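For the single chain, residues carry numbers from 1 onward in sequence order. Note that ligands are numbered from 1 as they come in the structure, with each ligand's atoms numbered from 1 the same way. Just so you know, these numbers come straight off a predicted model, no measurement behind them.
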Amino acid sequence: MQFDEAPLSIYLHIPFCHVRCGYCAFNTYTDLDDLIPAYVNALRHELEIIAANNPHQETHTLYFGGGTPSLLTAHQFERLLLTISREFKLSDDMEISLEANPDDLSFEYLRDLRALGCNRLSIGMQSANADILHLYDRRHDLQKVSDAVAAARKAQFENLNLDVIFGAPGEALADWRPTVDALMAFAPDHVSMYGLELKGGTDLRQRVDRGELPRPDDDVFADMYEYAAEVFERHGYVQYEISNWRRDAKQCRHNLQYWRNLPYIGLGAGAHGFAGGLRYSTITAPQRYIAALADSAAGALEFPLTPAVAKHRVVSRADDLYETIMMGLRLTREGINRSRFSARFGQDFVAMFPEAVERLGALGLIHVGEDRVRLGSAGRLLSNGIIREFVDGIMA
Ligand code: SF4
């Protein structure tokens with residue numbers, strides 16, 4: 001398949017939050033809610049510009065991420081969705097996902113979103129432990145998550161994800177188990193579980209660096225991950241990515257687009273995209289993003305560029321290989337599809353990396369099948385190192 005024949009995915013970034021969480025390094029802003037109406041208009045204009053030269057026949061996933069998309073009203077979602085359905089050809093089984101904070105989710109709001117076509121909801125639960133939620137500066141408690149899940153089910157959301165984070169400073173395995181139990185009691189269709197990353201500039205990182213909080217321990221991290229993975233499996237969840245589990249066929253199709261290194265456009269302040277042979281990122285500050293889109297004519301730039309794009313670069317073969325391997329090996333069941341890899345790069349994956357494949361295969365860290373190369377179960381906790389074995393040579 002030619003690259004621009006693949007169905008497209010669309011990501012819309014909503015960079016507004018009421019409070020900045022202690023671990024958050026995303027492009028998001030507090031106290032800018034007043035900008036939301038102008039921001040929604042700018043997003044609609046950016047959608048029109050990008051659609052004018054879009055070569056993709058069809059769009060099959062749409063993802064509202066943030067920030068906090070649930071700060072938008074149902075009417076603002078409606079205006080965005082009307083623009084998208086007018087400007088893009090949407091597939092019949094379109095996945096429309098929305099990230100949400102539990103305390104924004106009333107039944108009436110969710111019912112309206114569902115009626116607009118949103119069919120996948122991702123709620124940031126993060127922890128069941130009140131002290132850890134406080135440490136993270138989250139606004140909600142466990143009861144709020146319970147209420148949000150009940151409201152989502154009543155509103156007919158049949159594809160519900162819960163996000164959790166393990167490895168808070170001072171969190172022990174015994175503290176983590178009740179979060180896993182509470183998560184399973186909510187019976188979501190999908191679970192995303194991430195180890196806490198202490199990114200530079202975040203409040204938690206600074207507190208750990210100053211010695212006010214203990215530095216998380218790698219061995220405890222590994223125990224928490226393995227414990228939760230076993231519990232998820234016992235409850236019928238299937239792992240399909242290093243940090244993601246699904247029930248039934250409820251994998252996140254939008255994120256699969258990233259992991260398969262397929263094209264997506266990113267709109268909004270501080271969004272990233274990969275389409276038309278380019279990787280690009282947009283202006284980060286919402287005020288400057290809105291200003292860049294004011295009065296600009298549609299169709300003046302080549303797809304996927306818009307006046308809001310701050311940086312872009314042509315994707316070289318080495319970049320493309322790097323992304324395909326790095327993302328593909330995260331897919332624990334699917335891995336790197338050897339026939340798709342050969343069609344894209346003109347050479348079989350195993351023939352391209354014979355020594356690394358043999359060495360890592362002998363150690364059980366990767367599994368080489370006739371049509372795929374994926375991590376072995378022993379390799380899941382060592383995925384970063386294994387991925388580096390392949391990609392370091394490419395970028396050298
Ligand atoms: S809600 Fe999400 S985006 Fe907003 S501050 Fe917290 S982690 Fe960051």
Side-chain angles (χ1 to χ4, degrees), residues 11-36 39-40 43 63-73 76-77 97-106 109-110 113 120-142 144-145 147-149 152 160-169 171 179 183 188 190-208 213 216 243-244 252 254-255 258 266-272 281-287 289:
Y11 173 84
L12 285 98
H13 192 68
I14 310 296
F16 306 102
C17 289
H18 280 156
V19 175
R20 181 173 280 276
C21 302
Y23 56 85
C24 180
F26 294 122
N27 184 51
T28 192
Y29 302 83
T30 54
D31 300 323
L32 287 185
D33 291 16
D34 290 353
L35 287 181
I36 291 177
Y39 186 81
V40 168
L43 271 177
Y63 194 101
F64 293 95
T68 309
S70 51
L71 293 182
L72 265 55
T73 63
Q76 286 164 334
F77 276 110
S97 300
L98 159 83
E99 288 176 356
N101 265 345
D103 36 7
D104 297 329
L105 301 178
S106 69
Y109 180 62
L110 289 169
L113 294 183
R120 184 173 186 276
L121 186 67
S122 180
I123 300 177
M125 170 179 168
Q126 315 314 5
S127 178
N129 184 306
D131 292 337
I132 292 173
L133 287 171
H134 183 67
L135 186 68
Y136 288 161
D137 297 315
R138 298 296 301 198
R139 291 185 277 147
H140 66 268
D141 57 17
L142 188 61
K144 281 270 167 41
V145 179
D147 294 346
V149 169
L160 180 63
N161 171 61
L162 293 177
D163 272 355
V164 285
I165 300 175
F166 63 94
E171 186 178 24
T179 292
L183 177 64
H190 188 282
V191 173
S192 295
M193 176 181 78
Y194 302 102
L196 180 71
E197 282 185 63
L198 292 171
K199 294 207 169 149
T202 61
D203 183 54
L204 274 183
R205 169 68 179 269
Q206 287 168 3
R207 292 175 68 188
V208 169
L213 293 169
S243 304
N244 287 277
C252 179
H254 184 85
N255 285 342
Y258 301 151
L267 301 99
H272 294 256
S281 59
T282 57
I283 295 166
T284 52
Q287 300 93 329
Y289 169 80

Can a donor-acceptor pair be found, under 3.5 Å and without considering hydrogens, that links the side chain of [X] to the backbone of [Y]?
{"X": "Tyr39", "Y": "Ala269", "value": "yes"}
{"X": "Ser70", "Y": "Asn101", "value": "yes"}
{"X": "Thr282", "Y": "Ala271", "value": "yes"}

Checklist entry - So what's near atom 6 (Fe) of ligand 1, protein N, O or S atoms under 2.8 Å? => result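 Correct list: Cys21 SG.
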
Item to check | Atoms of ligand 1, numbered as shown, that sit under 4.0 Å from any heavy atom of Gly67 | outcome: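 Contacts of ligand 1 toward Gly67, numbered from 1: 3 (S).
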
Next on the checklist: Counting C-beta onward and ignoring hydrogens, is there a side-chain heavy-atom pair between Leu32 and Gln287 closer than 4.5 Å?
Outcome noted: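 Touching, per the 4.5 Å side-chain cut-off.
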
Checklist entry - Do the non-hydrogen side-chain atoms of Asn129 and His134 ever get within less than 4.5 Å of each other? => result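 No. Closest side-chain heavy atoms not under 4.5 Å.
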
Checklist entry - Does any pair with a residue in residues 18-28 pass side chain to side chain donor-acceptor pair (under 3.5 Å), and if so which ones, sequence neighbours excluded? => result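 Passing the test, one end in residues 18-28: His18-Asp33, His18-Arg139, Tyr23-Arg138, Asn27-Tyr29.
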
